[in-house]
Each structure stands twice: as C-alpha cells, then as structure tokens.
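Report on one structure; see the data block that follows.
Just so it is clear, the model here is predicted, and its values are computed rather than measured.
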Amino acid sequence: MIAGYSILTLLLVVLAGVGAGFVGYAVGASSLISYPALLALGVPPVIANASNTVGVLGTGFGGVLGARKELKGQSLRATIYVIIGVVGGILGALLLLNLNPKVFENVVPPLIALSSAAIALNPRGRAEAKQAAADAQAQAARLGLDEMANTAGNRHSRPLIRTQTEPLSEDPWWVWVGVCCCAIYSGYFGAGAGTLVLAVLDAAGIGPFHQVNALKTLIGWGANMSASVVFIMRGVVDWPLAIAMCLGCFVGSYIAPAVTRKIPARIMRGAAVIAGVILTVDLAVKTY
C-alpha cells in the first residue's frame with residue numbers, strides 16, 4: 001500500500017495515464033480516459049478534477065519533448081500562447097474553486113460539438129484549396145499548358161493542408177481571444193479543452209495541422225500548469241493518483257508525436273472529430 005492505495009491500483013492509474021497522454025496529444029481528448037479513471041476509484045469530482053489537472057501535466061512535458069520537430073521555428077508564438085494559457089488557467093482554477101461547476105458544465109457539450117464540427121468542415125482549408133486550384137489552373141492556362149492545368153486542378157481539388165507555418169504577425173486577433181477563453185475553460189473544468197483549442201488554431205490557419213496539434217498541447221500545458229499551482233495551494237490534490245497519472249501521461253504523450261506525424265492530417269482530423277463526438281455525448285449524458 002502507498003498512501004492508502006494498492007500497487008495494482010496505482011499501476012492501473014499509470015496505464016490509464018499512458019492512454020490519456022497519447023489520446024490527449026493526438027486529438028486533445030485525454031479526459032475521455034483520465035478523468036473517468038479517477039472517478040471510478042471513488043474520488044470526489046472536484047478533487048478528481050484537480051488531481052487530473054496535475055496528472056495531465058505529463059502530457060505537456062512528454063508532448064513537447066516528443067514534438068520538437070513540429071514546434072521548431074515557433075518559439076515566439078509558443079511563448080506567447082503559453083503565457084495566455086497560464087493566465088487563463090489561473091482564472092479558470094479560481095472559478096472552479098469559487099463557483100458552481102454547473103455554470104460551465106451546461107455549455108460544455110455544445111461547445112465541444114461545435115469544435116468537432118469546425119475541425120470536420122475545415123472551412124478555411126477548403127477555401128484555400130479552391131483558391132490554390134484556381135490559381136494553378138489560371139497560371140497553367142496562361143502558359144497554354146492545358147494538360148498541366150488539369151493535373152494541377154486534380155491535385156489541388158482535394159482539401160489542401162498548409163505546408164508552411166504562417167508568421168506570428170499573420171495570426172488573426174480573434175485566435176488570441178479564443179485561446180484565452182479555452183485556457184480559462186481548461187483551468188475550470190478541462191474536459192475537451194484540447195479539442196476546443198485545436199478547433200480555434202486550425203480555423204485560424206496558422207500552420208500545418210500537425211504543427212497546430214503540437215502547439216495545442218503546449219497551450220494546454222501552460223493552462224494546466226498554472227491551474228495546478230492554484231489547486232496545490234488550496235490542498236485539493238490527491239498526490240498518489242496525480243503522480244501516477246502524470247507518469248503515465250508523460251510516457252503516452254512522448255511516444256504520440258512519432259506515431260501521429262506518420263498519419264495523414266485528414267485522418268487526424270477525423271480522429272479528433274470522433275473523439276469530440278464521443279466526449280460530447282458522454283458529457284451531455286452526465287450533465288443533462
């Protein structure tokens with residue numbers, strides 16, 4: 001026994017953390033695994049939420065180390081968004097400890113459903129694809145290369161995925177507001193926060209999906225880090241469970257980038273949408 005928990009129980013929490021870390025990095029829905037695992041052990045909701053927030057810090061550490069390739073060249077953007085995440089996480093954690101959780105819980109399922117729809121539809125990506133196809137065809141036609149125009153049209157008619165990271169100055173103003181709101185929610189409740197952040201960043205079109213996905217993990221880490229400090233100061237963390245979850249999340253998220261970068265972005269989007277739908281249904285059933 002360790003602090004009232006058997007070795008088997010803690011190993012099961014570590015295993016749940018591995019799954020949560022992998023899923024959290026891949027599609028931003030670690031709460032599909034980590035939070036229910038703690039509730040299943042009979043941990044009260046607020047303590048489970050606080051302990052889970054500390055535990056999933058491992059996802060950020062492991063994800064960042066494993067996704068160095070995706071985050072290369074984004075140091076300034078990453079720093080700014082992490083700061084936004086930190087501030088939002090503090091505000092969210094204070095809200096959790098001082099307000100009725102039902103305030104946000106009632107709007108969480110619709111928010112996650114909307115985020116899943118945004119990722120699935122990818123309106124900005126489709127618009128860029130159409131524009132790229134039109135530009136390629138027009139250029140080829142001007143050169144009198146009809147065959148090249150047709151080939152370019154077919155190649156670009158599929159949903160085009162950005163291949164370059166946009167400069168920070170090109171980030172739309174609303175993405176900062178959106179990330180801040182997501183960070184507040186992450187510190188407050190957290191379930192599906194990664195899906196929300198992913199939808200905001202993907203809609204903003206700041207870079208390829210895999211780079212956006214890595215940045216999403218970093219933002220979530222910032223929010224969870226600051227929220228964890230608040231929870232620790234308030235003494236609402238179950239340390240044995242939090243540490244076991246953190247170790248598992250670190251392992252799961254560390255191996256996730258090497259696996260997910262080999263998966264086409266459209267499949268990753270599909271996985272994020274499916275995870276969002278499952279989480280939406282799960283939370284709706286529990287809330288309503």
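For the pair P172 and V175, the tightest heavy-atom approach, listed with the atom from each and the gap, is O-CG1, 2.9 Å. Minimum heavy-atom separation, G24 to T59: C-CG2, 4.4 Å. Between A242 and V237, the shortest heavy-atom distance links the atoms CB-CG1, 3.9 Å. Residue L71 comes nearest to L215 through the heavy atom pair CD2-N, 4.0 Å, listed as atom of the first residue, atom of the second, then distance. Minimum interatomic distance between C249 and V56 (heavy atoms only, all atoms of both residues): SG-CA, 3.9 Å.
Of the possible polar contacts, one joining the S51 side chain to the D238 backbone as a donor-acceptor pair under 3.5 Å is found. Judged purely by atom type and a 3.5 angstrom limit, T79 uses its side chain to pair as donor or acceptor with the backbone of S75. Counting only distance, with no hydrogens or angles, the side chain of S253 and the backbone of G60 share no donor-acceptor pair below 3.5 Å. In this structure a side-chain-to-backbone donor-acceptor pair under 3.5 Å is missing from D202 to L198.
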field: Evaluation steps, side-chain contact (heavy atoms from CB on, under 4.5 Å), between V13 and L41
entry: CA-CA 10 Å; V13 173; L41 294 175; 3.7 Å; yes
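Every residue two or more places apart in sequence or in another chain that forms a side chain to side chain contact (heavy atoms under 4.5 Å, CB included) with L94 is listed here: I90, N98, V230, R234. For A256, the side chain to side chain contact (heavy atoms under 4.5 Å, CB included) partners at least two apart in sequence or on another chain are F22, Y25.
No single ILVMFWY cluster, assembled from side-chain heavy atoms under 4.5 Å apart, contains both V86 and V229.
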